[in-house]
2 protein chains.
Amino acid sequence: MIDSTDPVQACPIAPVIDVVFSRWTTPILWTLNEFGKHRFVELERRIGVITAKVLTQRLRQLERDGLVVRTYYPEVPPRVEYEISDLGRSLAPLFQSLAEWSPNLDKVAEAREHYDTHEPAHRRP
Amino acid sequence: MIDSTDPVQACPIAPVIDVVFSRWTTPILWTLNEFGKHRFVELERRIGVITAKVLTQRLRQLERDGLVVRTYYPEVPPRVEYEISDLGRSLAPLFQSLAEWSPNLDKVAEAREHYDTHEPAHRRP
DNA sequence: GATAGTAGGTACCTAGAGGAAAGTACTGGC
DNA sequence: GCCAGTACTTTCCTCTAGGTACCTACTATC
């Protein structure tokens, strides 16, 4: 995934997107960073629309990437806690930047409306 | 009412990722922001592995979202120029944050190697 | 008349992501 | 005896993003 000879990755920020903001990882990392430790079902319920299978896959991936720490307690019934790692915490300024830009989503919605309601015939061959 | 357990409100930055950093849009926006105006084939060649079909789709999407401006010159052969919009330029601090975090990708690679070479049997049920 | 060059559009096909549902192992509680 | 609860795993199925290949219109050049 991290391969600087890949032409796509001629763009130096694409690998960061791949690792940190790939599908489903954004809400997981954001939740763990914002609200701290979570058990598996707590994460599942808070994110809401994610299935257990995909949540497991993404948590393994994030654990492997060193962004999330998994702790297993061999009790009955079993208990597992997920928390963000130090490396994961270093993403905080990034989340901040994203949150600061998010008000611009209104302008995006506006642009879409303009694009959809105006005939672009005069601009296109 | 602000309910952090509401799946919709669960993660406020996910919509930004969807609009700005969805698949293939990252290298396009980054290239236009970094190197200015590009013709269609110039973009195609610089990004390298993208197909014309997908490039067209993503450029339409970015134009619709108001992040990219398309200018058509009715010459022969036809000429089209794509450049980043003011709204797109407002992403610059975000690109900056991402670029600043990118050295941490080394730690990710390290974590992966550690995860893959160490037996996690003692941590897993 | 064949070819190149531009900026796409269109039809078809496949790989992979993700959803649904059931299974697993363990024990406490009714 | 059986259900509940946890943290998954596994199997099967569907849907869509993206790739391949070919098509458009227009002209200049060989």
**Asked** When clusters are formed by joining ILVMFWY residues with side-chain heavy atoms under 4.5 Å apart, either directly or through shared neighbours, do B:V49 and B:L55 land in the same one?
**Response**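 In one cluster: yes.
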
**Prompt:** Taking a hydrophobic cluster as the set of Ile, Leu, Val, Met, Phe, Trp and Tyr residues connected by side-chain heavy atoms closer than 4.5 Å, whether directly or through intermediates, do B:L43 and B:Y72 fall within one such cluster?
**Reply:**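 Looking at the clustering, B:Y72 is in the same group as B:L43.
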
**Message:** I want to check something: taking the side chain as every heavy atom from C-beta on, are A:W24 and A:S22 in contact at a cut-off of under 4.5 Å?
**Reply:**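 SC-SC contact between A:W24 and A:S22 ruled out.
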
Could you tell me how far apart [X] ([atom1]) and [N] ([atom2]) are, to the nearest whole angstrom?
X: B:Y72; N: C:dG8; atom1: OH; atom2: P; answer: 9 Å
X: B:Y73; N: D:dC26; atom1: OH; atom2: P; answer: 22 Å
X: A:R60; N: D:dT10; atom1: CZ; atom2: P; answer: 11 Å
X: A:E42; N: D:dA7; atom1: CD; atom2: C1'; answer: 13 Å
X: B:E44; N: C:dG5; atom1: CD; atom2: P; answer: 13 Å
X: B:L55; N: C:dA7; atom1: CG; atom2: P; answer: 11 Å
X: B:E75; N: D:dA25; atom1: CD; atom2: C1'; answer: 16 Å
X: B:D18; N: D:dA17; atom1: CG; atom2: P; answer: 12 Å

**Prompt:** If you look at every strand shown and take non-hydrogen atoms under 4.0 Å, does A:Y82 touch a base, only sugar-phosphate, or nothing?
**Reply:**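 Result for A:Y82 = sugar-phosphate.
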
From the set [options], return the single nucleotide nearest to any side-chain atom of [X].
X: A:F40; options: D:dA7, C:dG8, C:dT27; result: D:dA7
X: A:R79; options: D:dA7, C:dA7, D:dC8; result: D:dA7
X: A:R70; options: C:dA7, D:dT6, D:dC8; result: D:dC8

Pairs under 3.5 Å (N/O, protein and nucleotides 18-20 of chain D):
{"unit_1": "D:dG18", "atom_1": "OP1", "unit_2": "B:R23", "atom_2": "NE", "d": "3.2"}
{"unit_1": "D:dG18", "atom_1": "OP2", "unit_2": "B:R58", "atom_2": "NH1", "d": "3.1"}
{"unit_1": "D:dG18", "atom_1": "OP2", "unit_2": "B:R58", "atom_2": "NH2", "d": "3.3"}
{"unit_1": "D:dG18", "atom_1": "N7", "unit_2": "B:K53", "atom_2": "NZ", "d": "3.4"}
{"unit_1": "D:dG19", "atom_1": "OP2", "unit_2": "B:T51", "atom_2": "OG1", "d": "3.1"}
{"unit_1": "D:dG19", "atom_1": "N7", "unit_2": "B:K53", "atom_2": "NZ", "d": "3.3"}
{"unit_1": "D:dG19", "atom_1": "O6", "unit_2": "B:K53", "atom_2": "NZ", "d": "2.4"}

**Request:** Starting from the C-alpha separation in whole Å, work towards a yes-or-no answer on salt bridge (charged side-chain N to carboxylate O under 4.0 Å, His left out) for A:E110 and A:R112.
**Result:** CA-CA 5 Å; A:E110 205 177 307; A:R112 282 182 185 172; over 6 Å; no

**Item:** Side-chain donor/acceptor of B:R58 to backbone N/O of B:R23, under 3.5 Å
**Value:**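 Such a contact is found between B:R58 side chain and B:R23 backbone.
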
**Request:** Would you indicate, yes or no, if D:dA7 has its OP1 or OP2 atom less than 4.0 angstrom from a side-chain nitrogen or oxygen of A:R39?
**Result:**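 True: A:R39 side-chain N/O within range (under 4.0 Å) of D:dA7 OP1/OP2.
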
**Within 45° cone of B:F35 ring axis and under 6.0 Å: B:R46 NZ or CZ** =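 Relative to the ring axis of B:F35, which defines the angle, B:R46 lies inside both limits.
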
**Prompt:** Where does the angle between the aromatic ring planes of A:F21 and A:F95 fall among parallel (under 30°), tilted (30 to 60°) and perpendicular (over 60°)?
**Reply:**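 The arrangement is perpendicular - the two ring planes meet at more than 60°.
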
